[in-house]
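Just so it is clear, the values below take in all heavy atoms, side chains as well, and ignore hydrogens, waters and symmetry mates. Each ligand, and each atom within it, is numbered from 1 in the order the structure gives. Because the structure is a prediction, the values reported are computed rather than measured.
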Amino acid sequence: MQQVTIAELLADALAAHGVARIFGVPGGGSSLDVMEAAADRGIEFVLTRTESAAVMMAAATADLAGTLGAALTTKGPGVANAANGVACAALDRSPVMLITDGFTAQESGYVTHQVFDQGGMLAPVVKRSSRLESEDVAAEIRDLIALAKTPPFGPVHVEIAGPHGRKAVAAGRSEGKSGIAEAGIAADTLNRAGELIRNASRPVIVAGLEARGAGVAPRLRAMAEALRCPVLTTYKAKGVLDDQHEQYVGIFTSGNAESECVGKADLIVLVGLDPVELLRIPWRYECPVVDIGEVRHPVHYVEPAAGAYGPIAAALARLNNGLSESDWRLSEIAELRRRLAARLEYPECSGLGPQQVVELAARAASDVGVSPRIAVDAGAHMFSAMAFWPAARAQDVLISNGLATMAYALPAAIASALHEPQRPAVAFTGDGGLLMCLGELSVAVQQAARLVVIVFNDQSLSLIDIKQQQRGLPERGVRWQPPDFAATMEGLGGRGFRVDNAADYHAAVAEALRNEGPSLIDARVNPEGYLAQMESLRG
Ligand SMILES: Cc1ncc(C[n+]2csc(CCOP(=O)(O)OP(=O)(O)O)c2C)c(N)n1
């Protein structure tokens, strides 16, 4: 039997699963073996500035490419620093393999420097952790990858201690069939779901993150058009139905804003909605729910009247037979959409408002004739970005919603620019979120990424600031002196713009979008309307 090293075996498996790049910060042990083996197989290594950002880049790449994402770190601090990225991949349902260095059993007998139980630390946020020490390492790698790619998708962890990566093992076939069974959909539940949908007079479709999967969007549109009913999407599913479609009403978070539309439903059809996507408030609707999803989520807001679990595209293909138009009128749907958008409007304010920042960026993109993908960070600016940026296709918008972590937008936008180099990526980020991952700007420069970072610079953690205000507390610990982000970007080798009015901002975005390399626009925004906007949205 042919012999290969474990690092080579792993690199073979990554290549077989379409991994084009590994993101990370290497250590001096097995990292170097994995990087060499990967390079030999045409897999690029992208050096990031933090491990957390590396895993987020791997997660965004996995989402966009529909493959496995890969990240690599050293042991100890590298693993600890990766943890937030791994939590992001877990709760945002991205199939990622984190490859870390580790300690051999012999070392563990006398070393304490940098040592902790790495698998144990990551255990709550990975689907499995392995040291690749079994008899059949090829099968182990194959099963780990299959597990990451089994819905709900998520991260797995491989720890390769010291020289273990150079150990010779039997070549095996790491891309073979895994022991994980594929689920089929039970015919009786599908029939029951179909019956409920056909009998509903006012169904409403709510699409969630699993609806971004291959082949789902066209079938979802076909169902919506056959029923002529309103469609809402979660944040992560934005674009699954074109925002310009006459039946698209807006974003569903289980909050207040969309309840005017959903409250009129006599049946709610969830398509690929993962409960991790919703606000932490009880389900407010009493009508029956049909849940069509890849898997049944054990913790959910609502007990469905019928649940069809298995490949969604196949389920929709079956359910789409024999549908007819519901009682909804298109004019009614248009009115609900208009009213929902009005609830999200940012109040009139002096200077540059966040809604303007988003709308003018979209206009500049259209003026320049480009169609950027956006990545959105956590914070008050997110409301306007998600409400007012037009998305036409699934994955036109990248957002961490399950974890809702700050410092996601910039790494995700870099991943987008590397995945699709000709398509500009726009990162909408708060200044707080950017300050958490500022070093990644230099990755964008090094990679010559076609990227525009738009900073909603309000010198504050506004989302926390408004919650502090809401509770009548004095301002404490949420504001800072404004740094000069444009100068920082210039210092790192990119282009920087600093603007505080609509005309300059629009011109800066247009120029940045024409730029082949990375730019940053430091937009001084007025945060005064955030509290009113959040109250109207969430209720
Ligand atoms: C890593 C991380 N830390 C803290 C939080 C809690 N949090 C959510 S939004 C927010 C404020 C974000 O501030 P900024 O990035 O400036 O955006 P803004 O709210 O001002 O638009 C905080 C602290 C989080 N979601 N993620």
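With salt bridges taken as basic N to acidic carboxylate O contacts below 4.0 Å, one links Arg373 and Glu420. Between Asp522 and Arg524, at least one side-chain N (NZ, or NE/NH1/NH2) sits under 4.0 Å from a carboxylate O, which counts as a salt bridge. The existence of a salt bridge linking Glu440 and Arg49 is excluded, since no basic side-chain nitrogen approaches an acidic carboxylate oxygen closer than 4.0 Å. Using a cutoff of 4.0 Å between basic side-chain nitrogens and carboxylate oxygens, Asp396 and Arg423 are scored as salt-bridged. Salt-bridge annotation for Arg339 and Glu260: present, with a side-chain N of the basic residue lying under 4.0 Å from a carboxylate O of the acidic one.
Each of the atoms 9 (S), 19 (O) of ligand 1 lies under 4.0 Å from some heavy atom of Leu463. Every atom of ligand 1 is numbered from 1 in the order shown, and the set under 4.0 Å from a heavy atom of Ala380 is 18 (P), 19 (O), 21 (O). For ligand 1, the atoms sitting less than 4.0 Å from at least one non-hydrogen atom of Ala404 are 24 (C), 25 (N), numbered in the order shown with element in parentheses. Ligand 1 places these atoms under 4.0 Å from at least one heavy atom of Ile464: 7 (N), 10 (C), 22 (C), 23 (C). For ligand 1 and Asp458, the ligand atoms under 4.0 Å from any heavy atom of the residue are 20 (O).
Considering backbone and side-chain atoms together, Met436 places no N or O closer than 3.5 Å to any N or O of ligand 1. Considering backbone and side-chain atoms alike, Ser460 places an N or O below 3.5 Å from some N or O of ligand 1. Where the criterion is an N or O separation shorter than 3.5 Å, residue side chain and backbone included, Asn84 fails it with respect to ligand 1. Distances between N or O atoms of Ser462 and those of ligand 1 include at least one value under 3.5 Å. Between His381 and ligand 1, a contact under 3.5 Å exists for at least one N or O pair.
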Working note: Tyr530 + Tyr346, criterion ring-ring contact (aromatic ring centres under 6.0 Å, His included); need CA distance, chi angles, decisive distance, verdict.
CA-CA 7 Å; Tyr530 276 138; Tyr346 194 80; 5.5 Å; yes

Would Thr100 and His157 satisfy side-chain hydrogen bond (donor to acceptor under 3.5 Å, both in side chains), going step by step from the backbone distance to the final call?
CA-CA 8 Å; Thr100 72; His157 170 217; 2.9 Å; yes

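Residues meeting the salt bridge (charged side-chain N to carboxylate O under 4.0 Å, His left out) test with Arg363, sequence neighbours left out: none.
Scanning all protein heavy atoms for the shortest distance to atom 15 (O) of ligand 1 gives Gly433 N, 2.7 Å. Considering only non-hydrogen protein atoms, atom 5 (C) of ligand 1 sits nearest to Met406 SD, 3.5 Å. For atom 1 (C) of ligand 1, the nearest non-hydrogen atom of the protein is Thr405 OG1, 3.5 Å. With respect to atom 14 (P) of ligand 1, the closest heavy atom belonging to the protein is Gly432 N, 3.6 Å.
Under 3.5 Å, the side chains of Glu535 and Gln470 contain a donor-acceptor pair of N or O atoms.
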